[in-house]
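Okay, so here's the structure we're looking at.
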Amino acid sequence: METNSLSQLAQLGAGIAIGFGAIGAGLGIGLATKGLMDAVSRQPEVAGKAFGFFLLGAALSEACALYAFVIAFQLLGK
């Protein structure tokens, strides 16, 4: 393959990586929010403790999106 073709494939791979990373993070944070709302609606007294676990889950989910972002930039060679 010539370098132009590899560059185009790298750009496609970068787009796919960041796309799946964003979808995964969105789904993860959405599920974490759903779990928080379910927990608080059933037992309002655990709201503070549940919110701490929610933040942990949201941060871990967002870390996956950041990894995808880093991979996308590595594929682009920047």
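Chaining together hydrophobic side chains whose heavy atoms lie under 4.5 Å apart places L60 alongside L56.
A pairwise comparison of heavy atoms in S61 and G28 identifies OG-CA, 3.6 Å as the closest pair. Smallest separation of non-hydrogen atoms from A10 and L76: O-CD2, 4.4 Å.
The side chain to side chain donor-acceptor pair (under 3.5 Å) pairs that include a residue from residues 12-30 number zero, where partners must be two or more places apart or lie in different chains. Judged as a salt bridge (charged side-chain N to carboxylate O under 4.0 Å, His left out), not a single pair has a partner in residues 12-23 (not counting sequence neighbours). Applying the salt bridge (charged side-chain N to carboxylate O under 4.0 Å, His left out) test to residues at least two apart or on different chains, none of the pairs has a partner in residues 51-61. Judged as a side chain to side chain donor-acceptor pair (under 3.5 Å), the pairs with a partner in residues 36-51 (not counting sequence neighbours) are, in order, K34-D38. Screening residues 12-22 for salt bridge (charged side-chain N to carboxylate O under 4.0 Å, His left out) gives no qualifying pairs among residues at least two apart or on separate chains. Applying the side chain to side chain donor-acceptor pair (under 3.5 Å) rule to pairs touching residues 12-26 yields nothing, sequence neighbours excluded. Among residues at least two apart or in separate chains, ring-ring contact (aromatic ring centres under 6.0 Å, His included) pairs with a member in residues 11-51 are F51-F54.
Separating the CD1 atom in I16 from the CD1 atom in I71 is a distance of 13.0 Å, to the nearest 0.5 Å.
With sequence neighbours left out, A65 forms a side-chain contact (heavy atoms from CB on, under 4.5 Å) with A25, E62. Applying the side-chain contact (heavy atoms from CB on, under 4.5 Å) rule to I23 yields the partners L27; only residues at least two apart in sequence or on another chain are considered. Residues meeting the ring-ring contact (aromatic ring centres under 6.0 Å, His included) test with F69, sequence neighbours left out: F73. Looking at residues two or more places apart in sequence or on another chain, you find a side-chain contact (heavy atoms from CB on, under 4.5 Å) between V70 and Q74.
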